[in-house]
Amino acid sequence: MTSPTHLMLLTLLMTVLTLFCTLVGAAAGLLARIDGATYATALLRGGVAFAGSATLSLALLTFAITAGRL
């Protein structure tokens with residue numbers, strides 16, 4: 001059975017990862033726009049950066065949780 005403390009810690013980690021990925025996506029979109037890309041291209045680049053950072057962050061979180069159980 002999972003304790004409430006572990007669930008709260010996981011919720012906080014997911015919140016921090018979401019904020020981090022949002023900042024990465026926004027920064028990538030802003031940099032693309034400053035570089036002269038159109039709004040649509042900048043939004044697409046920001047979305048790709050968000051998805052990539054979310055995938056990497058969740059993979060690392062899964063690895064850390066799995067390694068912690070051994």
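Keep in mind that this is a model prediction, so the values were computed, not measured.
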Between Ala28 and Gly46 the two heavy atoms that sit nearest each other are CB-CA, 4.3 Å

Might you point out which heavy atoms bring Gly25 and Ala49 nearest each other, and give the distance in Å?
CA-CB, 4.3 Å

Would you please name every residue forming a side-chain hydrogen bond (donor to acceptor under 3.5 Å, both in side chains) with Thr55, sequence neighbours left out?
none

Shortest non-hydrogen separation from Thr41 to Thr38 and the atoms involved:
OG1-OG1, 3.0 Å

Tightest non-hydrogen contact, residues Arg45 and Ala37, listed as NH1-CB, 4.1 Å

Output the distance between atom CG (Leu58) and atom OG1 (Thr18), rounded to the nearest 0.5 Å.
8.0 Å

d(Leu12 CG, Leu17 CG) to nearest 0.5 Å is 11.0 Å

Residue of the set Leu10, Thr66, Leu56 for which side-chain contact (heavy atoms from CB on, under 4.5 Å) holds with Leu61:
Leu10

Pairwise distance CG(Leu60) to CD1(Ile65) - rounded to 0.5 angstrom
11.0 Å

Hey, are the side chains of Thr5 and Leu9 touching, using non-hydrogen atoms and a 4.5 Å cut-off?
no

Would you say that Val24 contacts Phe50 through its side chain, given a criterion of any heavy-atom pair below 4.5 Å between the two side chains?
no

